[in-house]
Amino acid sequence: MEGFSVGKSTMKTNEYGLVSPLTYGPGVDAKIFDCGFRHPVEKIEMEHEQNFDILQKVTARRLQGIHMPLRLEMERRAAAKVSRLPFLPSSNLMLDVLTGKEDTLDFSDFLGMPEFREVSGQPHAVVELYVGSTKVHGRIVPLTPVIMDAFDIFKKLRRGAQFDLKRFRDDALKFRMVKDDGAYERVSDTAGIGRRKRTVSETSWKSVESNSSSKFTKIDPIEARKELGSEDDEENQSDFDQESDDDNDGKRMNSGVKLMSGIDDIELETERKKKKKRARTKSEDEKDLFAEDAERVNRIRNENRIHVNGTDVPPPIQSFTQLVSEYGMKDVLIKNAADVGYHVPTPIQMQAIPLMLQRRELLASAPTGSGKTAAFLIPLLHHLKEPSKKGIRALIVAPTRELAAQIHRECVRLSEGTHLRCHQLDHIGKKSSKAVRAVCSSKCDLLVCTPSRLIYLLNRDPCPITLKSVEWLVVDESDKLFEIGTTGGFREQLARIYTACNAANVRRALFSATFAFDVEQWCKLNLDNVVMTSIGARNTAVETVEQELMFVGEEYGKLVAFRNMILKGLNPPVLVFVQSKDRAKELFRELIYDGINVDVIHSDLTQLQRDNVVKGFRTGKIWVLICTELMGRGVDFKGVNLVVNYDFPPSTVAYIHRIGRTGRAGRAGKAITYVTQQDFPFLRSIAQLIKNSGGTVPDFMLAAPKASRNLKNDLKRHAPDRRRIKTDPYTRKELKDMRQKAMMKKGIKVEGFPRKKRENVVSGSSPKAEKVEQKSIPVHASKFKRKSGGLKQSKKKKTSKENAKNKPRIPNKKLGGYLWMCFVSYFG
Ligand SMILES: Nc1ncnc2c1ncn2[C@@H]1O[C@H](COP(=O)(O)OP(=O)(O)OP(=O)(O)O)[C@@H](O)[C@H]1O
């Protein structure tokens, strides 16, 4: 690595000895090109001087990860005399721009066809370019002092390029590249432009006369070739030969001069033509190869339904072993992947892995269960290489603890034998876990966590954790983490984490099964040359799942339908989604006596209880797991056969994720969604989604009215009120509560509901608060309070007369009838 200063900034050359231009000056638009491709990698409009920094940043990034040399093309390339861009291995060359004044700008890389010019009495290879709107000439000079004259530079620059001698005839004449009489003379002297070497053409056409066709001195071509010098030299000049030959042909035709005489000359000519043909086929071959390659890449992408949006996207891989040969990945990682059962990459892995290996920032979306976890873990483990004392270098954020635990498990399996330390931030409290201690003492290379836990640590004073050495920030279920919740949501937490990862070289990758518009916009604005990749159509349900919408009438119809399904025969494991933890508990109480192994998971359970339930479900001890949205995303239970949406999902996105718990990794699965009258306003979008993914949906469902945006947003914020899941008789208290609730909903004022907080006359606090207080206050004080009678007074029994007076009317006959029906059906 060699460092040098260009203009105001200092840059380092990479292994190819390349540095991209830094100093173009305000008002010049520049495009950076990757030489393998013709798409501009970046376009920077340089309006201010600060923009140099942007260009420098972009360039620095490119130098880190790109395996191919960079090219820079002036925006006004059309104005330059270039028909085909020469491949420019510009190591050791720089462009000295001659502005006519004293100031000189330095360029280390440029594109343009050089001409020969006399600069300060010396011949130089010069290119024409623009600085701002001013046309200037740049002199190509060696960057470090080496013995290189203008011709050497010229030769080097024009390798692979067409050189138009006709066009640059004046220059060619000036530097005696052609003869005044029209015949061309080849200049192959490496010592200086003025010295000439006799060439085959020269020796053959020793005497060229404008209007004579007879006076030729015959020269032995073999001798001539000997004179010409080494074979190597000739090879180097092949392009030149070709062009000068072209021109020679033209000249000869024009002037009507016969240039050849004798068999040897003919032989020589045939040989030259053959050579020319060979050279042509070579360049054509190259072109064909490039076209073929592009076609092959497109074919692979089409076959796997890979869509990419971004510049300079590497081709997808087709096998994991390709990673070893093309990216130098350690065998152990490939072996670990094979041990886990990953032999062929899934489409998202095919494209996301090479992107991340090239340190590209990306937003990836692929169907549920398509292997996104490995798609980011494999390149992360490759980048981390081996344990380091720097601290956390890769951070993975996931919305739920269960998902974080799952990612951590997979990470541990894939990193076996690498000695990398992967941890999950799980238990934080007085008794911090081993993982937390490791994280706090920088003995962690890769950390998986939920945002809240990380924020908890970051908010501590003194902060026990640093994210300054994070090189990769991966956000799984990115659209969920971008959600703005009622209490601030994940977005704020994510923003905090994002700003805490402030290393200069940090890269970010966002993954999800669903694409959200705001995430996409954010990525475009904030990520560096982001690539967006998606598999198949965006925001669609996974195709391996058979989907069904079942109309069940009213709320109680759901339980009937579920029991019917059990009677017909259940194919466990089954996941049942309800909208809230209360409803999860209710359904659990209903099903527990039905003779099936059922359990429930929700956020009210302790961590240990949640872990045990998940474990039980994974090991097959639990057949039916009732859960909330908590398990809706990311969690990978192998072989779930059926997903039941007991409560209608709040959005199509939630639906996609919920039903994605089945039909994973190409397996088949089934999803049933119960629809009640109440769900009709939200039915249409999901019905349409099912239809689009090949499912059958009754027409009346497709014709359901469209929900307004407000209604949809409301549904996202608050789950709809649903009747309780219950078949055993209601207690008197429950009945009363239900009646009152129904009346409240209709806007009828009900006395005593919701029950007013009974205030203590003395303290002004509620009895509950008082109880807590009483525990902490001294005995004598509590005695005093009780004696004061505040509480007793409020508990004073009402007379039957008062009760009758206060008894609310029951305007809802329907509800009464329904309750009566429940009562009769249960006891009858
Ligand atoms: N290359 C592969 N070959 C075979 N199986 C794979 C491969 N990659 C991943 N899997 C398996 O596919 C299943 C789903 O993977 P993963 O959990 O990463 O999916 P996902 O795309 O993250 O899903 P979700 O969107 O639901 O989070 C896992 O059981 C995993 O072991």
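Note that this is a predicted model, so its numbers are computed, not measured. FYI, the numbering just counts along the sequence from 1. Numbering of ligands and ligand atoms starts at 1, following listing order.
A donor-acceptor pair is defined here as one N or O able to donate and one able to accept, closer than 3.5 Å; such a pair exists between the side chain of Asp445 and the backbone of Ser388. The closest donor-acceptor contact from the side chain of Asp679 to the backbone of Thr676 lies under 3.5 Å.
A salt bridge does not link Asp528 to Arg508: none of the charged side-chain nitrogens sits closer than 4.0 Å to a carboxylate oxygen. The pair Arg538-Glu520 counts as a salt bridge, with a side-chain nitrogen and a carboxylate oxygen less than 4.0 angstrom apart.
Residues passing the salt bridge (Lys or Arg N to Asp or Glu O under 4.0 Å) test with Glu546: none are found, sequence neighbours excluded.
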Does ligand 1 have any N/O pairs with the protein under 3.5 Å, and how far apart?
from	atom 1	to	atom 2	distance (Å)
ligand 1	1 (N)	Val344	O	3.0
ligand 1	1 (N)	Gln349	OE1	3.0
ligand 1	8 (N)	Gln349	NE2	2.9
ligand 1	17 (O)	Arg664	NH2	3.0
ligand 1	18 (O)	Lys372	N	3.4
ligand 1	18 (O)	Thr373	N	3.1
ligand 1	18 (O)	Thr373	OG1	2.6
ligand 1	19 (O)	Gly371	N	3.3
ligand 1	19 (O)	Arg664	NH2	3.4
ligand 1	21 (O)	Ser370	N	3.1
ligand 1	21 (O)	Gly371	N	3.2
ligand 1	21 (O)	Lys372	N	3.1
ligand 1	21 (O)	Lys372	NZ	2.8
ligand 1	22 (O)	Thr373	OG1	3.4
ligand 1	23 (O)	Gly369	N	2.8
ligand 1	23 (O)	Arg664	NH2	3.0
ligand 1	25 (O)	Lys372	NZ	2.7
ligand 1	26 (O)	Arg661	NH1	3.0
ligand 1	26 (O)	Arg661	NH2	3.0
ligand 1	26 (O)	Arg664	NH1	2.8
ligand 1	26 (O)	Arg664	NH2	3.2
ligand 1	27 (O)	Glu477	OE2	3.3
ligand 1	29 (O)	Asp636	OD2	2.7
ligand 1	29 (O)	Lys638	NZ	3.2
ligand 1	31 (O)	Tyr342	OH	2.8

- Query: Should Phe617 and Phe637 be marked as a ring pair (Phe, Tyr, Trp, His ring centres under 6.0 Å) after you check the CA-CA gap, both sets of side-chain angles, and the distance that decides it?
  - Reply: CA-CA 8 Å; Phe617 192 61; Phe637 291 122; 4.8 Å; yes
